[in-house]
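Convention: sequence-line order gives letters A, B, ...; per-chain numbering from 1.
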Amino acid sequence: MTEQDDNQLIAQRREKLQGVRASGIAFPNDFRRTHLTAGIHEQYAEHDKEDLESMAVEASVCGRLMFKRVQGKVSFAGLKDGSGSIQLFLQRDNLGDEAYASFKSLDIGDVVGAEGMVFRTNRGELSLRVNSLRLLTKSLRSLPEKWHGLSDTEIRYRQRYVDLIMNDDIGEVFRKRSAIVESIRRFMLKHGYLEVETPMMQPIPGGAVARPFITYHNALDMQLYLRIAPELYLKRLVVGGIERVFEINRNFRNEGLSTRHNPEFTMLEFYAAYADYNDLMDFTERMFREVADNVLGELSFQYQGHDIDFAPSFHRVSLKQAILDHNPDIEAAQLEEPARAADIALRFGIQLKDSYGLGKIQLEIFEATVEERLIQPTFVTQFPAEVSPLARRNDDDAFVTDRFELFVGGREIVNGFSELNDAEDQAERFRQQAADKDAGDDEAMHYDADYIRALEYGLPPTAGEGIGIDRLVMLLTDSASIRDVILFPQMRPEN
RNA sequence: GGGCCGUUAGCUCAGUUGGCAGAGCAGCUGACUCUUAAUCAGUAGGUCCGGGGUUCGAAUCCCUGACGGCCCA
C-alpha cells in the first residue's frame with residue numbers, strides 16, 4: 001500500500017526509522033528470549049525484593065512497548081508479549097548515556113528486546129532492571145489511547161490486529177475458542193470417530209436448506225458451489241463403512257449478516273451408524289458438559305445476563321408441545337389443521353406463503369413464540385417432515401421426524417436427527433424439493449443423483465448432527481455478536 | 001430490504017440558538033533517579049465521512065450517498 005495518509009505522527013516515526021536504517025540492521029531477527037513475561041510472574045510471584053536481589057535472576061524478554069514513563073534519568077516502560085506483560089525499569093547510569101537516549105526515542109508500539117535482572121520496585125512491582133535494550137521492529141503507527149483503548153467496532157473488526165494489541169479480552173475469547181475446538185475434537189476421537197475433510201467446492205450443494213455461493217472452475221469449465229453443509233458427503237462415508245465420522249470445518253451460506261449469522265461459519269458435523277437421535281441427544285449432553293468443564297472449569301456460566309447450567313439433564317420437549325407450553329391460549333387441535341394454524345400464525349404477524357404446509361406453519365409459530373425463550377439447554381424434538389427433508393420419519397407419526405434441535409440462551413446451537421436411509425423416500429423428497437426450486441424457491445435443494453445411488457447401496461441406520469461452533473463459542477465466552485468470536489468477520493470494503 | 005442510532009485530531013470524546021474547530025491521552029520541546037492513566041511547563045496536529053442545497057454565514061438545518069452498530073424481515 002503506497003497510499004499517502006501519512007500524517008505528522010507517521011512522518012515522525014518514518015524519520016526515526018530512517019535513522020535506525022542508517023545505523024545498521026533496522027529489522028533484526030537474532031534476538032532470543034529466555035523468558036515469557038507471564039513465566040516470570042509465575043516463577044517469582046512469591047519472592048520479595050530482598051530475595052530477588054540475592055537471587056540475581058537474569059532474563060531476556062521481548063514484545064511490544066505499551067507505555068513509557070520517562071522521569072529524568074530513570075524510566076519505566078511496559079512490555080507486552082504473547083503471554084502477558086512486565087514492567088521495564090531503565091536507568092541512565094545503568095544503560096549508559098547513548099542507550100538511554102535511544103530508549104527515550106522509542107515509541108509506544110515499538111517491538112523491543114530487553115535483557116536485565118528480575119527485581120521488585122520500591123512499590124513492590126515485579127519488573128526487569130534493564131541492562132540492554134534493542135529495537136526489533138519500528139512501529140510506524142501510533143496505538144489507540146492507553147486508558148479507553150480501542151472501542152470503535154468498525155476498526156476492531158477491520159483491524160483485528162489493533163484490537164488484539166489493545167483489548168486483552170478479545171485475545172482471551174480466541175484462546176477459549178481454540179480450547180473449545182480442541183476439547184470437542186478430543187471428545188470425538190475418544191469416542192471412536194474418524195476426522196475427515198470433504199469437499200468445500202461441490203457440484204451440487206446439499207445437506208441444508210440455504211442459498212449457496214457460486215464459483216467457477218475454469219479448467220473443468222463448470223459451475224461449483226461453496227458447500228452449505230458437508231452432510232451428504234459424510235453420509236456417503238457411512239455407506240462406505242466409516243461408521244463414526246466427523247468434520248470440523250467451514251460452511252458458506254449466501255444470506256444476510258446479523259449478530260448470529262456470518263456468511264462463512266464453522267460447524268462440527270458427525271454421523272454414527274447404528275445410533276438414533278435419542279443416542280445423539282445423550283451424547284451431546286455429555287459433550288457439552290465436558291467442553292464446559294474443560295474450558296470454563298465449571299458447568300454453569302453467565303450468558304448475556306442469564307445464568308445457564310449444563311449440569312441438570314437437558315429438557316426435552318416436542319416442537320408442538322413447546323408451542324403449547326409457551327402459548328397457553330393455543331389449543332393442540334388448532335395446530336393440527338392448516339387453516340386454523342395459519343390463523344394463529346397471522347395473529348403473530350407471520351407472513352405465510354402459499355407453498356407453506358402445516359409443518360412449515362408450525363415451525364414459523366415455534367420460531368416466533370418459543371425459540372428466544374429457551375434459555376436453559378432444551379432439546380426440541382419431532383420437527384415436521386415438511387421442514388426436514390433429510391431426516392427419518394417417526395415410526396408412530398409420519399407427520400414428524402426423529403429430529404431435534406438444541407436451544408441454549410434462546411438460540412439454536414445444534415441440529416440432529418436419525419437419518420433418512422430409505423433411498424426411495426429420499427428420492428421422492430428430492431423430487432419435491434426440486435419442484436419447489438423450479439417454482440422459485442431458491443433455498444430448496446437440488447436433486448443429488450449420486451447421493452441417491454449411495455443410499456441404494458444401503459446406508460445403515462444412522463444418526464447425525466451438526467453443532468454451530470461459532471454459536472457455542474459465543475455462549476461460552478458470553479459474546480453478544482458472532483463477529484466477536486470470528487477473527488475477521490465479513491465486512492463491506494472500506495472504500 | 002426496512003426502522004433507529006452513529007461517523008469531529010492517531011485514539012477516546014465535547015461542540016450551546018447556525019456565528020473564529022475544542023479537551024484528555026498519544027506526539028514534539030524542556031524539567032524531573034522508583035513510576036502505576038506519573039507529574040509540571042510549553043508546542044504542533046483537522047477533507048468535522050463524501051456530494052449537493054438553504055443561508056450574509058453550516059460540524060450544526062435540508063436532500064442524497066458511503067461505512068458501521070442495534071433491531072426487524
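With sequence neighbours excluded, no residue satisfies salt bridge (charged side-chain N to carboxylate O under 4.0 Å, His left out) with A/E269. For A/R431, the salt bridge (charged side-chain N to carboxylate O under 4.0 Å, His left out) partners at least two apart in sequence or on another chain are A/E428. Every residue was checked against the salt bridge (charged side-chain N to carboxylate O under 4.0 Å, His left out) condition with A/E145, not counting sequence neighbours, and none meets it. Residues satisfying the salt bridge (charged side-chain N to carboxylate O under 4.0 Å, His left out) test with A/R471, not counting sequence neighbours, are none. With sequence neighbours excluded, no residue forms a ring pair (Phe, Tyr, Trp, His ring centres under 6.0 Å) with A/Y277.
In the region residues 61-68 of chain A, proximity to RNA chain B at under 4.0 angstrom, judged on heavy atoms, holds for none of the residues. Using a 4.0 Å cutoff on non-hydrogen atoms, the parts of residues 71-88 of chain A near RNA chain B are A/Q71, A/G72, A/K73, A/V74, A/F76, A/Q87, ordered by number.
The separation of B/C40 from B/G19, taken at their C1' atoms, amounts to 36 Å, rounded to a whole angstrom. Nucleotides B/A26 and B/G68 have their P atoms positioned 32 Å apart, rounded to a whole Å. Across the P atoms, B/C63 and B/U54 are found 15 Å apart, a figure rounded to whole Å. For the C1' atom pair drawn from B/A44 and B/G10, the interatomic distance equals 14 Å after rounding to whole Å. Taking atom C1' on both B/A58 and B/C49, the two are 16 Å apart, rounded to the nearest angstrom. The same atom, P, is picked in B/A14 and in B/A37; the two are 24 Å apart, to the nearest Å. Across B/G57 and B/U43, the matching C1' atoms stand 31 Å from one another, rounded to whole Å. For the P atoms, the distance from B/C62 to B/G6 is 12 Å, rounded to whole Å.
Between B/C34 and A/R123, no contact under 4.0 Å exists linking OP1 or OP2 to a side-chain N or O. A sub-4.0 Å separation between OP1 or OP2 of B/G30 and a side-chain N or O of A/K104 is absent. Remark: A/K146 is in phosphate contact with B/A38, judged by side-chain N or O atoms under 4.0 Å from OP1 or OP2. Residue A/R492 has a polar side-chain atom (N or O) positioned under 4.0 Å from OP1 or OP2 of B/G68. At B/U33, none of the side-chain N or O atoms of A/R92 fall inside 4.0 Å of OP1 or OP2 (strictly under the cut-off).
As rounded to whole Å, 10 Å separates atom P of B/G68 from atom CD of A/Q490. Between A/R156 atom CZ and B/U12 atom P the separation is 11 Å, expressed in whole Å. When rounded to the nearest whole Å, the span between CG of A/L106 and C1' of B/A26 equals 15 Å. For the pair A/I10 CD1 and B/A26 P, the computed distance is 18 Å after rounding to whole Å. Summarising the geometry, the separation between CZ on A/F119 and C1' on B/U33 is reported as 12 Å, rounded to the nearest angstrom. The CG atom of A/D152 sits 10 Å away from the P atom of B/G69 (whole-angstrom rounding). Rounded to an integer number of Å, the gap from CG of A/L140 to P of B/C11 is 16 Å. The interatomic distance linking A/Y100 (OH) with B/U33 (P) rounds to 9 Å, in whole Å.
Side-chain atoms of A/R158 lie closest to B/C67 of the nucleotides B/C67, B/U33, B/C25. Of the candidate nucleotides B/U12, B/G68, B/U35, B/U12 has the atom lying nearest to any side-chain atom of A/S151. For A/E125, taking side-chain heavy atoms from C-beta onward, the closest of the listed nucleotides B/C67, B/G69, B/U36 is B/U36. Considering only side-chain atoms of A/R69, the nucleotide from B/A38, B/C34, B/U12 that sits closest is B/A38.
Under the 6.0 Å cut-off for aromatic ring centres, A/F301 and A/F310 qualify, their centroids lying closer than that. Here the two rings, on A/F213 and A/Y225, have centers that are 6.0 Å apart or farther.
Sorted by first then second residue, the side chain to side chain donor-acceptor pair (under 3.5 Å) pairs that include residues 39-68 of chain A, not counting sequence neighbours, are A/K49-A/N122. The side chain to side chain donor-acceptor pair (under 3.5 Å) pairs that include a residue from residues 347-357 of chain A are A/D329-A/R347, where partners are two or more places apart or lie in different chains.
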Listing, residues 168-179 of chain A side-chain donor-acceptor contacts under 3.5 Å, not counting sequence neighbours, or none:
unit_1: A/D168; atom_1: OD1; unit_2: A/K80; atom_2: NZ; d: 2.7
unit_1: A/E172; atom_1: OE1; unit_2: A/R175; atom_2: NE; d: 3.4
unit_1: A/R177; atom_1: NH1; unit_2: A/D470; atom_2: OD1; d: 3.0
unit_1: A/R177; atom_1: NH1; unit_2: A/V485; atom_2: O; d: 2.6
unit_1: A/R177; atom_1: NH2; unit_2: A/T266; atom_2: OG1; d: 3.3
unit_1: A/R177; atom_1: NH2; unit_2: A/D470; atom_2: OD1; d: 3.0

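Contact annotation: the side chain of A/M200 approaches that of A/R250 to within less than 4.5 Å [non-hydrogen atoms, C-beta and beyond].
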As a quick check of understanding, evaluate side chain to side chain contact (heavy atoms under 4.5 Å, CB included) for A/R211 and A/I228, giving each step before the final call. CA-CA 8 Å; A/R211 206 175 311 175; A/I228 53 176; over 6 Å; no
Pairs under 3.5 Å (N/O, protein and nucleotides 70-73 of chain B):
unit_1: B/C70; atom_1: OP2; unit_2: A/R483; atom_2: NH1; d: 2.8

Check the interface with nucleotides 7-10 of chain B: list each N/O to N/O pair with the protein under 3.5 Å, or write none.
unit_1: B/G10; atom_1: OP1; unit_2: A/N7; atom_2: ND2; d: 3.1

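Stacking of A/R316 on the aromatic ring of A/F314 is not recorded, the 6.0 Å distance cut-off and the 45° axial limit not both being met.
Checked for salt-bridge contact, A/E372 and A/R411 miss the test: no charged N lies under 4.0 Å from a carboxylate O.
B/A38 is unpaired under the criterion used here, namely a Watson-Crick or G-U wobble arrangement in which both key atom distances are under 3.5 Å. Under the Watson-Crick and G-U wobble criteria, each requiring two contacts below 3.5 Å, nucleotide B/A59 is left unpaired. In this structure, B/C67 and B/G6 make a Watson-Crick or G-U wobble pair, each of the two defining distances being under 3.5 angstrom. Taking a pair to require two hydrogen-bonding distances under 3.5 Å in either a Watson-Crick or a G-U wobble arrangement, B/C11 pairs with B/G24.
Counting non-hydrogen atoms under 4.0 angstrom, A/M491 reaches the backbone sugars and phosphates but no base. Heavy atoms of A/T121 sit under 4.0 angstrom from at least one base atom.
Considering CZ of A/R156 and OH of A/Y161, their distance stands at 14.0 Å, rounded to 0.5 Å.
The 5' end of RNA chain B is approached more closely, in terms of each residue's nearest nucleotide, by A/L150 than by the other of A/L150 and A/S127.
Between A/F76 and A/F89, the ring planes are tilted. Angles from 30° to 60° get that label.
Between the side chains of A/T37 and A/S83, a donor-acceptor pair is found at a separation under 3.5 Å.
Side-chain N/O atoms of A/D93 and base N/O atoms of B/U33 include a donor-acceptor pair closer than 3.5 Å.
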